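Working notes for the structure below.
Quick caveat, the model's predicted, so the values are computed rather than measured. Atoms considered below: every heavy atom in the structure, side chains included; atoms not considered: hydrogens, waters and symmetry mates.
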Amino acid sequence: MPSPRAPSAAGDALAVPGDVTSADFARRLIKATLDGHGRIDAIVNNAGYTWDGTIHKMTDEQWQAMLDVHLTAPFRIIRAASEYLRETAKREREEHGRASARKIVNVSSTTGTRGNAGQTNYAAGKAGIIGVTKTLAKEWGQFNIQVNAVAFGFIETRLTQAKESGERVTRESAEITLGIPQANREIAFKMIPMGRAGTPEEAAGAVLFFSSPLSDYVSGQVLEVTGGL
């Protein structure tokens, strides 16, 4: 029996091309959002990729690349939005007695909550964003801003496709093939109680929960989405 699908909703999407690890990108992103839509209700920090290697073979560039995209980029985006979020909440409290709920959802990974061989750099970035999440929930609770994280397990994306057919990305002088070996994929499926990877739509459900009024009294939490692992 097919799964029920949510009704489609019309809306406007604004694209802001750029590199999230660029020092100026966060400011441009927030400015374009406020210029185009006039408000920010939720921020989802989801950009990232993997660049694996055992620690004795890992270069400084590999290490720093993962911290830049998984930790520094979300930090800069949140910081760039902080003036709008805080000042808007203060004004709403003065005018209405309470600020509207706003959301920040940071995407982590079970590599950040549990560790994973060959991913010291990725684990450091994904564990770090959990620390940011929990700290910011304490700092911004007074502004009625809920800050949470979703830690994904095996989700079918370009990062988990079979490496033999994986997409290639270029970072400076290095070409990185995304994906994992098919043999590793098959081993992973055997370990997952549900016996399969999650779909992007299933992964999005957790993000939607944290972005919706259903989570208005949930903050500082990390939700693992793993298929029972």
Side-chain angles (χ1 to χ4, degrees), residues 13-51 60-94 98-109 111-113 121-152 171-172 204 206-212 215-223:
L14 172 68
V16 183
D19 179 351
V20 295
T21 65
S22 171
D24 190 50
F25 178 78
R27 182 197 62 80
R28 292 196 300 108
L29 175 66
I30 298 304
K31 183 178 185 301
T33 301
L34 293 175
D35 288 347
H37 296 287
R39 58 189 285 180
I40 296 173
D41 298 316
I43 295 173
V44 179
N45 285 304
N46 188 45
Y49 63 102
T50 56
W51 192 359
D60 287 353
E61 183 185 11
Q62 277 178 280
W63 171 264
Q64 194 60 51
M66 293 297 94
L67 296 186
D68 287 346
V69 71
H70 294 292
L71 190 54
T72 303
F75 158 74
R76 286 174 173 163
I77 290 171
I78 294 168
R79 183 178 62 181
S82 64
E83 181 178 3
Y84 167 82
L85 294 172
R86 295 171 73 255
E87 294 306 316
T88 300
K90 290 177 184 178
R91 185 178 67 252
E92 290 174 346
R93 282 191 314 198
E94 292 176 359
R98 183 180 181 185
S100 299
R102 293 181 174 84
K103 314 287 184 172
I104 296 176
V105 185
N106 295 316
V107 173
S108 184
S109 167
T111 297
T113 60
N121 51 358
Y122 183 68
K126 289 305 192 183
I129 198 61
I130 291 174
V132 170
T133 298
K134 290 182 174 293
T135 300
L136 199 56
K138 291 177 169 60
E139 290 186 6
W140 282 3
Q142 61 181 310
F143 303 116
N144 201 20
I145 298 171
Q146 291 81 56
V147 189
N148 293 288
V150 180
F152 290 122
R171 175 183 164 81
E172 298 176 359
V207 177
L208 177 61
F209 166 69
F210 279 140
S211 302
S212 78
S215 64
D216 280 359
Y217 198 61
V218 180
S219 196
Q221 302 305 303
V222 181
L223 175 61

Would you say the side chain of Glu87 lies within less than 4.5 Å of the side chain of Lys90, judging by non-hydrogen atoms? yes
Output the distance between atom OG (Ser22) and atom CG (Asp68), rounded to the nearest 0.5 Å. 11.0 Å
Asp216/Lys103 salt bridge by N-O under 4.0 Å criterion: yes
Any side-chain to backbone donor/acceptor pair from Ser215 onto Phe210? Under 3.5 Å, distance only. yes
Compare all side-chain heavy atoms of Phe75 with those of Val132 and state whether any distance is below 4.5 angstrom. no
dist Leu136:CG -> Arg79:CZ (nearest 0.5 Å) comes out at 13.0 Å
Classify the angle between the aromatic ring planes of His70 and Tyr122 as parallel (below 30°), tilted (30 to 60°) or perpendicular (above 60°). perpendicular
Please confirm whether the backbone N or O of Gln62 pairs with a side-chain atom of Asn121, one donor and one acceptor, at under 3.5 Å? yes
Side chain to side chain contact (heavy atoms under 4.5 Å, CB included) for Val69 and Val20? Distances and angles first, verdict last. CA-CA 7 Å; Val69 71; Val20 295; 4.0 Å; yes
Does the side chain of Phe25 come within less than 4.5 Å of Val16's, by heavy atoms? yes
Please report the closest heavy-atom contact between Val105 and Ser211, naming both atoms and the distance. CG2-OG, 3.7 Å
If only side-chain N and O atoms count, and only distance matters, is there a donor-acceptor pair under 3.5 Å linking Gln146 with Asn144? yes
Side chain to side chain contact (heavy atoms under 4.5 Å, CB included) assessment of Ile78 paired with Asn45: CA-CA 9 Å; Ile78 294 168; Asn45 285 304; 3.8 Å; yes
Exercise: identify the closest heavy-atom pair between Ala206 and Leu223: CB-CD2, 3.9 Å
Could you tell me whether a side-chain N or O of Thr111 sits under 3.5 Å from a main-chain N or O of Ala123, the two making a donor and an acceptor? no
Please report the closest heavy-atom contact between Ser219 and Ala137, naming both atoms and the distance. OG-CB, 3.4 Å
Taking the side chain from Ser212 and the backbone from Phe209, do they hold a donor-acceptor pair closer than 3.5 Å? yes
Exactly one of Ile104, Ile30, Thr88 clears side-chain contact (heavy atoms from CB on, under 4.5 Å) with Ile40, and that residue is Ile30
Hey, are the side chains of Arg102 and Tyr84 touching, using non-hydrogen atoms and a 4.5 Å cut-off? yes
What distance do Thr133 atom OG1 and Gln221 atom CD have between them, rounded to the nearest 0.5 Å? 10.5 Å
What distance separates Arg27 CZ from Ile77 CD1, expressed to the nearest 0.5 Å? 13.5 Å
When you measure from the side chain of Arg76 to the backbone N and O of Thr21, does any donor-acceptor pair fall under 3.5 Å? yes
Would you say Arg93 and Gln142 make side-chain contact, with heavy atoms under 4.5 Å? yes
Are side-chain heavy atoms of Phe143 and Leu85 found at a separation under 4.5 Å? no
Within the side chain of Asn148, is there an N or O that forms a donor-acceptor pair under 3.5 Å with the backbone of Gly220? yes
Any salt bridge (charged side-chain N to carboxylate O under 4.0 Å, His left out) pairs touching residues 123-152, not counting sequence neighbours? none
Salt bridge check, Arg91 against Glu94: does any charged N sit closer than 4.0 Å to a carboxylate O? no
Val150 and side-chain contact (heavy atoms from CB on, under 4.5 Å): which single residue from Val222, Asn106, Val207 fits? Val207
Is the count of non-hydrogen atoms from other residues, nucleotides or ligands lying under 6.0 Å from Asp41 atom CG greater than 12? yes
What's the spacing between Ile130 CD1 and Ser108 OG if we round to 0.5 Å? 3.5 Å
Hey, are the side chains of Trp140 and Arg86 touching, using non-hydrogen atoms and a 4.5 Å cut-off? yes
